[in-house]
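Single-structure report; data block below.
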Amino acid sequence: MNELIYLNLGGVKLSKKVTKEFTANLPKAELHLHIEGTLEPDLKLKLAKRNHIDIGQDTIEEVQKTYEYDDLASFLSVYYPAMEVLQKEEDFYELAFEYLKRAASNNVRHVEIFFDPQAHTSRGVAFGTVINGLYRAVVDARALNVDAALIMCFLRDFSKESARKTLLESLPYKDKFIGVGLDSDEHNNPPLKFARQFEDAAAQGLHLTAHCDIDQKESIDHIRQALEIMGVERLDHGTNIVEDPDLVQFVANKKIGLTSCPLSNGYVSPEMKGKEVLELLAQDVKVSIHSDDPAYFGGYIGDNYYAIAKNFDLTKDQVVQLAKNSFETSWISDEKKALYLKELDEYVTAN
Ligand code: HPA
Ligand code: ZN
């Protein structure tokens, strides 16, 4: 176990232990975080009360009891209905600002936050209500020393017409988000369904990413479509790529990021996919560690780093490489990347 490894250099004992504290304070970028997935039970209850919505539960324990899922579809069937408590701009602000405070405490220096406008517009909440609330929190996060940005996701189990309408609706707010993504139920909803919307988004200068969830029936096909046809700059999850050495070479050569989420993987499949992450690291793929839906999967980003480090005996160098990859594949300027990478170097030297 890496926790027990010590280097004895000239009588000086240097700890190589990857501790919880080391992963919590490690400077990092969070690139796979659904803001709706940060809705903690206490905030859910508070918003339900404030908005006079009967969610059928009155205590944190009762809310937690409803968190029963063992695959993506069963998770999503708990996840989407819970969003009903989000009604007003202030609710979206509070959700995001509460998350950003947690991000600051995990030394997240930069975060690119997913949001699902259709999950709200489809139940009568205006697009502006959602993005204005979230964006106000993004601006206020500067005071927390967290550099934040938004990524708008299309729900892939909704129609392409709905995605088109959403993209049109979003354009007046184009200065408030930096890219588009694709999430929700992947089965029978391939990336190519949204080729036109991704092309239009790219023409607007927006960045592109897409979920290619773990162990889907069509994982490799979807990864290939997203990479070779739609030209995504990152893949969310995407670790099934290890099944295809040619695609692994493709992402390594193009320095395309893969955002893996160990704790979420552990819920929707029998494992965290640590073996795959290590295999990708060994092949110089820019894989990194993130938290997906932390309020539902038992931990924020520091917990995800620690879980994979502990369960798969990662060395400090490997953990640091994962954090480096997160900055390198983020959508920030080269100057900012250099600044954060320097901070990371200094942290490693001091710890
Ligand atoms: N996959 C697809 N949709 C999602 C996810 C995910 O991991 N999290 C929230 N929505
Ligand atoms: Zn996700």
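Order of appearance sets the numbers: ligands from 1, and atoms from 1 within every ligand. Note that these values count all heavy atoms, side chains included, but never hydrogens, waters or copies made by symmetry. Position 1 is the first residue of the sequence, and the numbers go up from there.
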Parallel, tilted or perpendicular, judged at 30° and 60°: which one describes the rings of [X] and [Y]?
| X | Y | answer |
| --- | --- | --- |
| Phe297 | Tyr267 | tilted |
| Phe115 | Phe177 | perpendicular |
| Tyr340 | Phe327 | parallel |

Problem set entry | Donor-acceptor side-chain pairing of Asp292 and Ser264 below 3.5 angstrom | yes

Exercise. Can His120 and Glu36 be counted as having a side-chain donor-acceptor contact under 3.5 angstrom?
Worked result: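 The criterion, which ignores hydrogens and geometry beyond distance, is satisfied for Glu36 and His120.
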
Exercise. Out of the N/O/S atoms in Asp292, what is the name of the one closest to the Zn ion (ligand 2)?
Worked result: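 For Asp292, the N, O or S atom at the smallest distance from the Zn ion (ligand 2) is OD1.
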
Exercise. Can you find an N/O atom of Asp293 closer than 3.5 Å to an N/O atom of ligand 1?
Worked result: yes

Exercise. Thinking salt bridges, do Arg102 and Glu30 make one under a 4.0 Å N-O criterion?
Worked result: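 No.
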
Exercise. Any salt bridge between Glu328 and Lys337, counting N to O under 4.0 Å?
Worked result: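 Answer for the salt bridge query: no.
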
Exercise. Among all protein non-hydrogen atoms, which one is nearest to atom 7 (O) of ligand 1, and what is the separation to 0.1 Å?
Worked result: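 Its nearest protein heavy-atom neighbour is Asp292 OD2, 2.8 Å.
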
Exercise. Which heavy atom of the protein is the closest neighbour of atom 5 (C) of ligand 1, given with residue, atom name and distance?
Worked result: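 Sorting protein heavy atoms by distance from atom 5 (C) of ligand 1 puts His34 NE2, 3.6 Å first.
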
Part of [X] within contact of ligand 1 (heavy atoms, under 4.0 Å):
| X | answer |
| --- | --- |
| His237 | side chain |
| Asp185 | neither |
| Asp236 | neither |

Strictly under 2.8 Å, is any N, O or S atom of [X] next to the Zn ion (ligand 2)?
| X | value |
| --- | --- |
| His211 | yes |
| His34 | yes |
| Asp183 | no |

Exercise. Touching ligand 1 at all, Ser184? Heavy atoms, strictly under 4.0 Å?
Worked result: yes

Problem set entry | Sub-4.0 Å heavy-atom contact, Tyr79 with ligand 1 |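 It does, in that a heavy atom of Tyr79 comes within the 4.0 Å cut-off of ligand 1.
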
For this session: Run the numbers for me: atoms of ligand 1, each under 4.0 Å from some heavy atom of Asp183, listed by number.
Result: 3 (N)

Exercise. Think Lys28 forms a cation-pi with Tyr305, using NZ or CZ under 6.0 Å from the six-ring centre and within 45 degrees of its axis?
Worked result: yes

Problem set entry | Within 6.0 Å of NZ in Lys324, more than 12 heavy atoms from elsewhere |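 Counting neighbours around NZ of Lys324, 12 or fewer heavy atoms of other residues, nucleotides or ligands fall under 6.0 Å, so no.
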
